[in-house]
Enquirer: 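So that we are looking at the same thing, I have put the structure below in structure tokens.
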Amino acid sequence: MMMNMVTALNSALAIEMENDDSIAILGEDVGAVGGVFRVTEGLQERFGTDRVIDTPLSESLIAGMATGMAMAGMRPIAEMQFMGFSYPALNIIISHIARMRNRSRGSYTVPLVIRMPYGAGIKALEHHSESTESIYAQIPGLKVVIPSSPREAKGLLISSIRDPDPVIFLEPARNYRLFSEEVEEDAFTISLGESKMVQEGDDITIVGWGAMMPIIQEATHSVEEIGISCEVIDLRTISPMDSEAVIKSVIKTGRVIIVQEAPMTCGVASELIARISNKAFLSLEAPPERVTAPDITVPLPKGEKYYYINMEKIRDSIEKVISF
Amino acid sequence: MMMNMVTALNSALAIEMENDDSIAILGEDVGAVGGVFRVTEGLQERFGTDRVIDTPLSESLIAGMATGMAMAGMRPIAEMQFMGFSYPALNIIISHIARMRNRSRGSYTVPLVIRMPYGAGIKALEHHSESTESIYAQIPGLKVVIPSSPREAKGLLISSIRDPDPVIFLEPARNYRLFSEEVEEDAFTISLGESKMVQEGDDITIVGWGAMMPIIQEATHSVEEIGISCEVIDLRTISPMDSEAVIKSVIKTGRVIIVQEAPMTCGVASELIARISNKAFLSLEAPPERVTAPDITVPLPKGEKYYYINMEKIRDSIEKVISF
Amino acid sequence: MLLDDYNPLSGRMLTILDQDANLNEILMPQLDSAVVEKAFRTMVLSRVADDKAVILQRQGRMGTYPPNKGQEAASLGPAMTMGDRDWFVWGFRELAGLLWRGLPLEQYYLGWMGNEYGNHYDPDLRITPTSIPVASQYTYAVGLAYASRYQKENTVIFAFTGDGGTSEGDFHESLNAAGVFNLPIVFIVQNNQWAISLPRSEQTASDTIAQKAIAYGIRGIQVDGNDILAMYAASEEAAEVARNGGGPTLIEAYTYRLGNHTTSDDARRYRVEEEAKEWEARDPLNRMLKYVRSREILSEKKIESVWEWAKTLVEEAAHKAETTPPPSLDDVFRHTYESMTSNLKEQFDDMKKREESQ
Amino acid sequence: MLLDDYNPLSGRMLTILDQDANLNEILMPQLDSAVVEKAFRTMVLSRVADDKAVILQRQGRMGTYPPNKGQEAASLGPAMTMGDRDWFVWGFRELAGLLWRGLPLEQYYLGWMGNEYGNHYDPDLRITPTSIPVASQYTYAVGLAYASRYQKENTVIFAFTGDGGTSEGDFHESLNAAGVFNLPIVFIVQNNQWAISLPRSEQTASDTIAQKAIAYGIRGIQVDGNDILAMYAASEEAAEVARNGGGPTLIEAYTYRLGNHTTSDDARRYRVEEEAKEWEARDPLNRMLKYVRSREILSEKKIESVWEWAKTLVEEAAHKAETTPPPSLDDVFRHTYESMTSNLKEQFDDMKKREESQ
Ligand SMILES: Cc1ncc(C[n+]2csc(CCOP(=O)(O)OP(=O)(O)O)c2C)c(N)n1
Ligand SMILES: Cc1ncc(C[n+]2csc(CCOP(=O)(O)OP(=O)(O)O)c2C)c(N)n1
Ligand SMILES: [Mg+2]
Ligand SMILES: [Mg+2]
């Protein structure tokens with residue numbers, strides 16, 4: 001069935017809720033409205049207000065309430081309306097959700113999912129374009145998943161819901177309705193922590209995740225014309241991070257670019273490069289490169305072009321690394 | 001005059017408050033008690049309750065209140081009781097403090113300092129041993145300073161107070177009273193954004209900050225005996241990060257280790273290595289190494305030894321890199 | 001004192017000019033007709049400008065926009081009582097008040113068109129930038145108030161949020177601290193009955209928003225937010241109390257969002273249209289109009305001309321905003337810090353080269 | 001109903017057994033003497049265990065510790081009313097209640113000695129782990145309550161924090177949501193008059209903590225927190241209301257922290273010693289003792305023996321805790337996720353090798 005990312009996510013939620021009545025959704029405007037992006041559309045009607053819960057405007061409470069529900073044996077799926085509004089919940093996420101299992105040496109666990117749209121490129125107001133995924137990726141005890149396509153979104157969300165650990169599920173807002181693809185109607189899973197080999201190639205490894213994937217593919221197609229063969233990896237889960245697959249690829253190609261929507265400093269790309277440069281040191285034929293946003297606050301739409309990564313930037317970087 | 005880090009910080013605060021009555025301190029228990037580590041001791045008595053303000057138990061408010069004071073032309077210095085209790089303030093710090101200047105294109109600025117003790121090694125309760133400095137370091141618009149010694153603490157704090165931008169000032173709790181050194185009684189400044197060359201050497205560059213510095217020096221002294229000459233750099237400011245100095249050093253030595261108290265993933269060390277491996281690529285004679293905590297929650301004191309970096313770990317890493 | 005007579009436990013809401021434009025002469029604030037005229041003009045201008053913004057958005061000429069329709073009195077009343085050096089701390093739905101304060105409409109438009117220069121206010125206006133993270137602005141309002149007293153400015157801070165905003169931790173921490181420090185703030189909650197799709201009754205179980213003041217030991221009052229005179233009177237008293245060291249007040253402006261939450265929203269998904277219909281009968285602008293007519297403050301001809309005047313201003317402002325050049329690369333980088341860090345400079349130079357080579 | 005008669009606007013605090021052990025026979029809850037005896041024993045055990053912890057810390061055998069002295073009744077009363085499947089959500093100063101609930105004292109000690117196994121509770125106890133970030137536990141208490149209703153467990157959640165905790169955003173968001181969802185929770189604020197060095201009067205400007213309930217449209221009551229009978233009666237009623245679908249209640253337990261904030265604190269820096277002296281006269285344990293004597297629930301000899309019993313238990317628990325082996329490398333790594341990620345495994349193996357080579 002053809003689905004875009006929104007309908008694929010909706011399908012994942014509906015299937016899982018159908019199969020497991022310990023699952024409940026909570027967040028701002030997730031009910032009648034179906035969330036501001038309509039990911040939860042129709043679910044309240046179908047599963048009732050007890051299982052699709054419109055909460056007051058309180059992000060810290062949403063995270064904490066989900067924590068308690070999970071501790072009591074439910075499988076809550078919380079929605080933060082945008083990543084930029086998840087910051088009030090960081091204390092609960094860092095101080096409780098990530099640690100409850102370790103703090104209690106396993107007496108209590110917090111199997112929950114916190115979904116949120118993230119990323120720029122949707123011409124939005126301030127705070128609606130954040131990509132601070134490395135805040136989450138650095139917290140031990142959390143898993144952080146970022147799908148890049150409708151099918152990936154469905155399979156990864158189902159895995160996240162079934163996972164015994166808390167998962168931060170970041171949905172690239174820009175890709176919600178960017179394209180559709182064939183997606184299985186039934187449930188299926190995609191393992192957390194395994195990257196996806198999007199395309200094999202010999203000359204250079206390009207790694208990305210989320211909204212960067214379609215742009216990376218544009219760029220790699222364009223350099224193929226000039227004879228550069230790219231190996232493309234979609235990281236899919238940034239925590240745990242499948243650096244093994246990336247390192248294996250770099251050992252083969254000798255060259256690597258990490259494409260990251262977020263600003264440069266202390267992002268996920270830097271972690272990957274630190275691992276690569278340590279473990280693929282002798283294989284590297286050129287300096288590992290990053291293509292990232294500059295270290296500035298995401299500009300409002302009129303200035304976004306100075307921030308957002310486009311295919312030219314990636315292509316130029318490929319040419320630079322190849323010709324090193 | 002001999003000062004430990006607590007008295008040096010106290011001296012910086014007193015001098016600056018004496019000279020500039022737009023400065024006020026606010027936080028939990030900063031008044032009569034002088035803060036839980038006594039950094040603000042005596043200041044309320046000296047400067048009054050209007051300038052040394054005990055706030056209710058509300059970290060988000062503390063950060064926001066400081067923001068408003070700064071917007072109105074004051075120079076607030078806020079204290080978070082521990083880094084682990086700064087998370088409720090992250091929304092205000094990320095969403096307002098870091099952005100007010102850019103958001104208003106300079107109409108409003110937020111020259112403030114948020115001080116907080118950070119780091120493990122003090123046998124403390126849960127949440128009292130955090131080192132999540134890379135959360136702060138990745139936010140454009142913030143500066144993040146970490147002193148390693150009493151003298152550094154005083155000079156850097158005075159610079160931070162006088163800086164036109166918001167500064168997160170992280171004080172290694174472990175070093176508060178670890179040692180004393182000669183510190184000028186009067187005001188002096190140490191530039192933000194400039195690392196310190198602690199020791200020149202030829203064979204390998206060791207970079208650290210905060211509580212890691214004394215441990216690094218122990219390790220480098222111990223390897224000197226076996227003829228390894230270390231160049232040691234104290235980063236001092238992790239944002240902006242003086243990667244130029246580090247890169248220059250690595251180009252000279254060809255080898256590098258970053259020592260980071262925090263867990264490995266997405267830390268400041270990964271950023272430094274990403275920059276080094278890109279810009280000193282041809283000079284690297286061995287894979288850049290990190291010595292960091294494992295990716296786990298800081299254990300409670302009884303298990304801390306499995307987390308905290310000791311000099312042996314650094315020494316072993318030096319030997320490994322040297323013998324590559 | 002109104003704040004006593006209408007305290008939150010009185011069970012009464014302050015109305016002076018009711019929805020049929022009946023006037024409570026005893027409580028009526030003293031306003032000379034020039035002021036009433038200006039208030040009327042401002043409400044009209046706000047309404048016309050707001051409608052225009054919705055159209056601009058629909059035409060792809062503006063970004064997501066939160067309509068103000070129906071809430072004009074709630075921000076205008078307080079704005080009318082502000083002194084020159086008082087602070088106007090807004091959220092994102094306070095257009096009428098901002099226009100009274102003197103915010104150039106083109107700048108307002110510019111902001112919603114996605115340009116940070118929309119927030120580049122003349123500091124003398126003492127308006128803080130738009131604040132999107134709901135209720136977070138209350139925390140810096142407390143700081144402004146603290147500084148006001150510390151600097152002996154004798155100013156009052158007027159801080160706005162919505163009914164949804166009252167559920168945020170920041171609302172609580174701010175009102176509590178303002179109470180403890182006895183600060184000169186007037187907290188105005190525009191209770192427009194909805195927070196996107198969540199009705200007021202599901203936002204909090206308290207009967208009124210005003211009674212939340214009791215938790216902080218501060219004054220509270222529920223005011224008919226569509227009644228410009230009541231909003232004026234309550235704000236004036238609260239500001240005077242604050243200026244005289246009497247501390248903060250929470251004003252619940254009981255009003256209604258006649259439009260969608262934003263231009264991306266479709267209110268029909270969650271509320272019955274009759275509700276909005278009913279509230280249209282209580283439209284603050286109509287009420288004002290009736291008042292202006294009944295008191296003969298303006299002739300019918302003059303009233304007509306106010307709309308014309310507003311339309312002209314709005315068109316001009318839209319034009320100015322639209323013809324403002326987009327931010328330059330320099331704009332986008334330069335205001336991260338007072339001066340660019342070397343890392344940023346490197347990134348800037350790189351982008352500059354890219355730009356020039358294109 | 002107590003919750004009506006002593007509503008926060010009544011200006012009255014509920015006391016049943018006053019500080020001179022005068023009893024209000026009318027309000028007195030029905031407790032048979034075995035229960036009273038057990039309560040007395042638990043208070044004594046708590047007191048002895050608490051004093052011991054302070055000594056252990058001073059001797060370097062325990063980490064930073066927050067003394068409970070003087071607050072025994074405030075957590076014990078509610079604990080006595082908890083059903084088997086009810087949840088006990090504590091912060092960090094609720095020893096007496098925990099002991100009643102059945103938390104093994106050695107495990108309590110183990111936690112404060114710096115070992116995560118101190119939180120490895122038997123899930124049947126339904127005690128959540130220590131929560132250090134003040135008031136944050138209130139947010140998950142709401143979730144537990146939601147789940148309780150959803151799962152038709154008919155349980156009540158008892159959630160504790162301090163007077164300082166009431167200033168946190170999480171306190172507000174939690175009480176508000178509990179009100180909106182009408183959840184079965186009893187929120188107990190141990191108002192011990194201080195939050196480290198900040199006196200209650202500077203924590204909030206409201207006259208009582210109990211009146212904060214009004215902001216959320218829920219029940220509130222101020223209770224003499226040193227009166228075990230009043231704490232019992234109020235909690236029992238609040239729990240019953242909750243269990244019958246009547247929603248949450250906020251109980252302010254008006255008490256006093258007789259000791260330092262923690263063993264790292266020196267209360268003489270910020271409060272006059274007379275204050276503590278005065279409160280010693282209101283010590284909940286003395287009051288209980290007077291009651292036990294006056295009702296002749298226990299003979300003098302038996303009373304004596306309770307202390308001996310407690311001392312023995314405490315010594316045993318301290319010994320057990322101290323002789324518990326420290327966490328292994330495996331302990332420290334294994335509980336980050338259900339199964340170790342490959343990155344973690346690599347770090348673990350590395351440490352393992354280091355450990356073995358030493
Ligand atoms: C912290 C935060 N969470 C979520 C949002 C998304 N959001 C924008 S407006 C809004 C509703 C606000 O309701 P209210 O405070 O009543 O103001 P109104 O929109 O009705 O004027 C929400 C949830 C936000 N801007 N900030
Ligand atoms: C979020 C947070 N901020 C600061 C602290 C440090 N701290 C520990 S206890 C305490 C005071 C708590 O006061 P109260 O809630 O009255 O409880 P009490 O200690 O009096 O029992 C503070 C500030 C903390 N633990 N958590
Ligand atoms: Mg609203
Ligand atoms: Mg207290």
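Chain letters run A, B, ... following the sequence lines, proteins first and then strands; every chain starts at 1.
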Enquirer: Can you list everything that forms a side chain to side chain contact (heavy atoms under 4.5 Å, CB included) with A:Ala98? Sequence neighbours excluded, please.
Expert: A:Ile139, A:Leu142

Enquirer: Side chains of A:Thr265 and B:Arg275: is there a donor and an acceptor less than 3.5 Å apart?
Expert: yes

Enquirer: Which answer fits B:Phe281, side chain, backbone, both or neither, if we ask what part of it has an atom under 4.5 Å from a heavy atom of chain A?
Expert: side chain

Enquirer: For chain B, which candidate among A:Ala269, A:Ala137, A:Ala262, A:Ser95 shows the most heavy-atom pairs at distances under 4.5 Å?
Expert: A:Ser95

Enquirer: With respect to chain B, which residue among A:Glu289, A:Glu130, A:Glu126, A:Met241 yields the maximal number of heavy-atom pairs within a distance under 4.5 Å?
Expert: A:Glu126

Enquirer: Counting heavy-atom pairs under 4.5 Å with chain B, which one of A:Pro287, A:Pro294, A:Pro140 comes out on top?
Expert: A:Pro287

Enquirer: Is a donor on one side and an acceptor on the other found under 3.5 Å between the side chain of B:Asn278 and the backbone of A:Pro288?
Expert: yes

Enquirer: Could you check whether any side-chain heavy atom of A:Leu282 comes within less than 4.5 Å of a side-chain heavy atom of B:Phe324, counting everything from C-beta outward?
Expert: yes

Enquirer: For A:Met264 and B:Gln138: C-alpha separation, side-chain torsions, deciding distance, then whether side chain to side chain contact (heavy atoms under 4.5 Å, CB included) applies.
Expert: CA-CA 8 Å; A:Met264 184 182 83; B:Gln138 76 182 257; over 6 Å; no

Enquirer: Distance from A:Leu90 atom CG to B:Asn91 atom CG, nearest 0.5 Å?
Expert: 8.5 Å

Enquirer: Under a 4.5 Å heavy-atom cut-off, does chain A meet the side chain of B:Ile135, its backbone, both or neither?
Expert: both

Enquirer: Quick one: what part of A:Glu285 sits under 4.5 Å from any heavy atom of chain B, side chain, backbone, both or neither?
Expert: backbone

Enquirer: Where does B:Ile92 contact chain A at under 4.5 Å (heavy atoms): side chain, backbone, both or neither?
Expert: neither

Enquirer: If we only count heavy atoms from C-beta on, is the A:Ser277 to B:Ile273 side-chain gap below 4.5 Å?
Expert: yes

Enquirer: Can you tell me how far the OG atom of A:Ser270 sits from the CG atom of B:Leu272, to the nearest 0.5 Å?
Expert: 9.5 Å

Enquirer: Under 4.5 Å from any heavy atom of chain A, what part of B:Ala89 do you find: side chain, backbone, both or neither?
Expert: neither

Enquirer: So for A:Ser60, is it side chain, backbone, both, or neither that comes closer than 4.5 Å to the heavy atoms of chain B?
Expert: neither

Enquirer: Using a cut-off of under 4.5 Å on heavy-atom pairs, state which of A:Leu300, A:Ile296, A:Asn102 scores highest against chain B.
Expert: A:Ile296

Enquirer: Can you name the closest pair of heavy atoms from A:Glu271 and B:Gly267 and give their distance?
Expert: OE1-N, 4.4 Å

